Amino acid sequence: VEEEEVEEEIETAVPEPPAAKRARGGNGDWRAPPPPPPNQLPKRSKAMGGPPRVPAGPPSTGLPKRGASADAPLTPSVGGGSSEAKIREEHPEWASRCVIDPPKPGQSQRISISMAEVGLGDAEVTQWCEWMDRRLTAERPPVAAAFVSNKARFKASTVDFSENKLSVGGVKALCTLLEKHGVRSEVLRLTGNAIGNEGVRIISKYLSSSSNAPALELHLSRNRLSTEGMKWLLGSLSLHPAYPVWNSETRRFVPMWLKIENAKLKGAAGFAALEAACTSLSCSACLGESSGDMHC
């Protein structure tokens, strides 16, 4: 009897939790309390530390939110620049003299440049080169790296700046443009300008800038080069493996045609200077002689 009284005292001494009282049914059975609704989550107590929990929102899709920046591009836009037609309209007097044929798959794009007798000085030629640079860039189709390395991007029948006022500045701008766009010209005509020995050095550098021959003919008559300029030009050509040019149709090597006569390189004095230059450079020059059925 005493043990039963002690157990009753212990049971009555322990207070029943409020949740347990609410969970007790009418017949005295114990039931687990129902979970709280989703929108009424319990607050995090201060004893546990940290900020209160916030219900997680929907998963992020990585797309920009609607608002001021909803229509903004995902990547920065690249300046498109003027089209080839708009560039032509900037200088119609130049565009009529510079023809660019439509591109053909697997072939160099054909161009023709006829800027002779326009009265261009170095400043005007530099301006023309800036204009032509944008035009060739806009006109040039994308090509594979292997094609660019093995073939000229543009092939010109004639690049003609004869009878102008080009000197060192104009020649440098022109050669830089031709080298940049891989222009291979059949005839590079610079007759009747003010090109001296320094300009000839720039031309020589351009002619040796590619593994293929950038030009087949070079016309420098009535300029200001001297014997030293002629030696520099011949030396650059003799060291370049692309010259003389191999002609697959005739199966013969074709030397580069040079026209460099002027007041300083004329007549017997010019031939003597040419002979001395060829001897010192261990190269040969074809002067139009005939040998049997062969004509130089």
Side-chain angles (χ1 to χ4, degrees), residues 113 115-116 120-122 125-126 128-129 132-133 152-156 158-246 253-266 269-287 296:
I113 300 173
M115 298 296 294
L120 299 177
D122 289 344
V125 171
T126 302
W128 178 90
C129 290
M132 195 63 179
D133 179 28
R153 290 190 286 265
F154 293 97
K155 187 175 290 185
T158 303
V159 176
D160 189 358
F161 278 85
S162 58
E163 309 302 332
N164 282 289
K165 303 174 184 179
L166 276 71
S167 62
V168 176
V171 169
K172 185 176 182 179
L174 178 60
C175 291
T176 300
L177 172 74
L178 299 178
E179 180 179 352
K180 175 182 177 180
H181 291 280
V183 178
R184 184 174 184 265
S185 58
E186 297 177 6
V187 180
L188 177 57
R189 185 174 286 113
L190 300 173
T191 308
N193 282 279
I195 303 172
N197 292 337
E198 189 62 29
V200 172
R201 290 192 179 193
I202 296 173
I203 296 172
S204 302
K205 181 180 178 181
Y206 160 67
L207 294 176
S208 59
S209 63
S210 173
S211 58
N212 296 321
L216 303 181
E217 296 183 18
L218 176 61
H219 298 195
L220 286 172
S221 301
R222 289 183 283 109
N223 278 280
R224 299 177 181 177
L225 69 157
S226 64
T227 305
E228 295 300 322
M230 182 185 65
K231 288 181 178 180
W232 187 279
L233 179 59
L234 293 177
S236 299
L237 294 175
S238 64
L239 295 175
H240 197 321
Y243 295 103
V245 180
W246 174 254
F253 285 102
V254 180
M256 185 177 191
W257 185 11
L258 293 177
K259 296 189 68 175
I260 54 176
E261 67 271 11
N262 58 25
K264 299 179 181 180
L265 300 172
K266 186 178 181 181
F271 282 107
L274 178 61
E275 183 178 3
C278 292
T279 301
S280 62
L281 296 171
S282 300
C283 65
S284 59
C286 180
L287 303 178
C296 178

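None of the values given here were measured: they were computed from a predicted structure.
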With [X] via side-chain hydrogen bond (donor to acceptor under 3.5 Å, both in side chains) - residues at least two apart:
{"X": "Glu228", "result": "none"}
{"X": "Asp122", "result": "Ser167"}
{"X": "Ser209", "result": "none"}

**Request:** Sorted by first residue and then second, give each salt bridge (charged side-chain N to carboxylate O under 4.0 Å, His left out) pair with at least one member in residues 187-197; sequence neighbours left out.
**Result:**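 Sorted pair list: Asp160-Arg189.
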
**Request:** Give every residue pair that meets the salt bridge (charged side-chain N to carboxylate O under 4.0 Å, His left out) criterion with at least one member in residues 163-180, sequence neighbours excluded.
**Result:**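 Those involving residues 163-180 are Asp133-Lys180, Glu163-Arg222.
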
**Prompt:** Is there a donor-acceptor pair closer than 3.5 Å between any side-chain N or O of Asn164 and the backbone N or O of Ser162?
**Reply:**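 Yes, because the side chain of Asn164 sits within donor-acceptor range (under 3.5 Å) of the backbone of Ser162.
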
**Message:** Could you walk me through whether Ile113 and Trp128 satisfy the side chain to side chain contact (heavy atoms under 4.5 Å, CB included) test, starting with their C-alpha distance in whole Å, then the side-chain angles of each, then the deciding distance to 0.1 Å, before giving a yes or no?
**Reply:** CA-CA 11 Å; Ile113 300 173; Trp128 178 90; 3.7 Å; yes

**Asked** Taking it one step at a time, do Leu258 and Leu220 satisfy side chain to side chain contact (heavy atoms under 4.5 Å, CB included)?
**Response** CA-CA 8 Å; Leu258 293 177; Leu220 286 172; over 6 Å; no

Working to the nearest 0.5 Å, report the span between [atom1] of [X] and [atom2] of [Y].
{"X": "Ser238", "Y": "Leu233", "atom1": "OG", "atom2": "CG", "value": "9.5 Å"}
{"X": "Leu274", "Y": "Lys231", "atom1": "CG", "atom2": "NZ", "value": "11.0 Å"}
{"X": "Ser221", "Y": "Lys259", "atom1": "OG", "atom2": "NZ", "value": "5.0 Å"}
{"X": "Leu178", "Y": "Cys175", "atom1": "CG", "atom2": "SG", "value": "6.0 Å"}
{"X": "Leu174", "Y": "Cys129", "atom1": "CG", "atom2": "SG", "value": "5.0 Å"}
{"X": "Leu216", "Y": "Leu188", "atom1": "CG", "atom2": "CG", "value": "10.5 Å"}

**For Ala276, side-chain contact (heavy atoms from CB on, under 4.5 Å) partners two or more places apart** =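 Once residues adjacent in sequence are excluded, Ala276 has no partner under the side-chain contact (heavy atoms from CB on, under 4.5 Å) criterion.
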
**Item:** Partners passing side-chain contact (heavy atoms from CB on, under 4.5 Å) against Val254 (at least two apart in sequence or in another chain)
**Value:**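 Here the qualifying residues are Asn247.
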
**Message:** side chain to side chain contact (heavy atoms under 4.5 Å, CB included) for Asn223 and Ile260? Distances and angles first, verdict last.
**Reply:** CA-CA 8 Å; Asn223 278 280; Ile260 54 176; over 6 Å; no

**Request:** Only pairs at least two apart or in different chains count here, so list each ring pair (Phe, Tyr, Trp, His ring centres under 6.0 Å) that has a residue in residues 215-235.
**Result:**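 Only His219-Trp257 qualify under ring pair (Phe, Tyr, Trp, His ring centres under 6.0 Å).
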
Could you tell me which non-hydrogen atom of [X] sits nearest to which non-hydrogen atom of [Y], and how far apart they are?
{"X": "Gly199", "Y": "Val171", "result": "O-CG1, 3.7 Å"}
{"X": "Val183", "Y": "Ala156", "result": "CG1-CB, 4.2 Å"}
{"X": "Phe253", "Y": "Pro244", "result": "CD2-O, 3.6 Å"}
{"X": "Arg224", "Y": "Ala194", "result": "CZ-CB, 3.7 Å"}
{"X": "Ser211", "Y": "Ala242", "result": "O-CB, 3.4 Å"}
{"X": "Gly170", "Y": "Val125", "result": "O-CG1, 3.6 Å"}

**Non-neighbouring partners of His181 that pass ring pair (Phe, Tyr, Trp, His ring centres under 6.0 Å), sequence neighbours left out** =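 Scan of His181 (ring pair (Phe, Tyr, Trp, His ring centres under 6.0 Å), adjacent residues dropped) gives none.
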
**Asked** What residues form a ring pair (Phe, Tyr, Trp, His ring centres under 6.0 Å) with Tyr206, not counting sequence neighbours?
**Response**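 Listed in chain order: nothing, the list is empty.
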
**Asked** So, do Val187 and Val159 sit near enough that their side-chain heavy atoms are less than 4.5 Å apart?
**Response**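 They are not in contact (no side-chain heavy atoms under 4.5 Å apart), so the answer is no.
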
**Message:** Less than 4.5 Å apart, side chain to side chain, heavy atoms only: is that true for Met115 and Leu120?
**Reply:**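 Side-chain contact under 4.5 Å: yes.
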
**Message:** By the side chain to side chain donor-acceptor pair (under 3.5 Å) test, which pairs, at least two apart or in different chains, include something from residues 191-205?
**Reply:**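 Applying side chain to side chain donor-acceptor pair (under 3.5 Å) to every pair that reaches into residues 191-205, excluding sequence neighbours, yields Asn197-Ser226.
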
**Message:** Atom CD of residue position Glu275 - does it have more than 12 heavy atoms of other residues, nucleotides or ligands inside 6.0 Å?
**Reply:**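 No.
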
**Asked** In chain order, what residues pass the salt bridge (Lys or Arg N to Asp or Glu O under 4.0 Å) check against Glu186, with sequence neighbours excluded?
**Response**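 Once residues adjacent in sequence are excluded, the partners of Glu186 under the salt bridge (Lys or Arg N to Asp or Glu O under 4.0 Å) criterion are Arg110.
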
